[in-house]
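Numbering of ligands and ligand atoms starts at 1, following listing order. Because the structure is a prediction, the values reported are computed rather than measured.
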Amino acid sequence: MQINVAQLLKAPIGSTRDYEIKQVIDITGDGASSLVQGKVRLLRTDRSILVKGTLDTGVELTCSRCLSPFNYSLTINIEEEYYPTADVDTGAAMPVPDEPGCFTIDENHVLDLTEAVRQYALLAIPMKPLCREDCAGLCSYCGHNLNRGPCGCSPRGADPRWSELSKLQKKKGK
Ligand SMILES: [Zn+2]
Ligand SMILES: [Zn+2]
């Protein structure tokens, strides 16, 4: 996701360039690839290039309830400043702000969006992802995925073997 911004760095402050993004990257770092698509606008500021845009992508997650893999779609609203490390006219090294996690444009004037997109996407992933809002989860007795229909031991299906057990459990409870 690399953009050469040499021309934009030479342009007057306030100049903009629009780019279409369509690229596959590894967001979660586990070798899976996600297609990232959308538009970004690059704005030349007095000290940096400001990147703003909206990107759509998807990652494969594991449902926290039924443990099935599913594809989770997410939209990233990116807004990041990229600081040049080299002067575009002279090639001289330029100081960058002393901020942790600050993004830079390399000495060849290439701005790479990949890391920012990765970070934004990771923040957008829920802690306890669900394959769907009403995921029925797994049967706590037999482990059957209840999204695929009931199993023999569901409480209403009243498997006699389990009703004996639940009587015992009720006794214990008292
Ligand atoms: Zn699920
Ligand atoms: Zn079951």
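Other residues, nucleotides and ligands contribute more than 12 heavy atoms inside 6.0 Å of the CZ atom of Arg132.
For the pair Asp26 (side chain) and Gly31 (backbone), a donor-acceptor distance under 3.5 Å is present. Here the side chain of Thr54 pairs no donor or acceptor atom with the backbone of Asn77 at under 3.5 angstrom.
Metal site remark for the Zn ion (ligand 2): Cys142 contributes an N, O or S atom at a distance under 2.8 Å.
Ile3 and Ile25 fall within the same hydrophobic cluster, defined by Ile, Leu, Val, Met, Phe, Trp and Tyr side-chain heavy atoms under 4.5 Å apart, directly or through other members. Leu50 and Leu111 fall into different hydrophobic clusters, where Ile, Leu, Val, Met, Phe, Trp and Tyr are joined by side-chain heavy atoms under 4.5 Å apart, directly or via other members.
Judged as a side chain to side chain donor-acceptor pair (under 3.5 Å), the pairs with a partner in residues 61-73 (not counting sequence neighbours) are, in order, Ser68-Asn145.
Of all protein N/O/S atoms, those under 2.8 Å from the Zn ion (ligand 1) are Cys63 SG, Cys66 SG, Cys131 SG, Cys135 SG, and waters are not counted.
Geometry at the Zn ion (ligand 2): SG/Cys151 and SG/Cys153 form an angle of 110°, nearest 10 degrees.
Using a 4.0 Å cut-off between a side-chain N of Lys or Arg and a carboxylate O of Asp or Glu, Glu80 and Lys52 do not qualify as a salt bridge.
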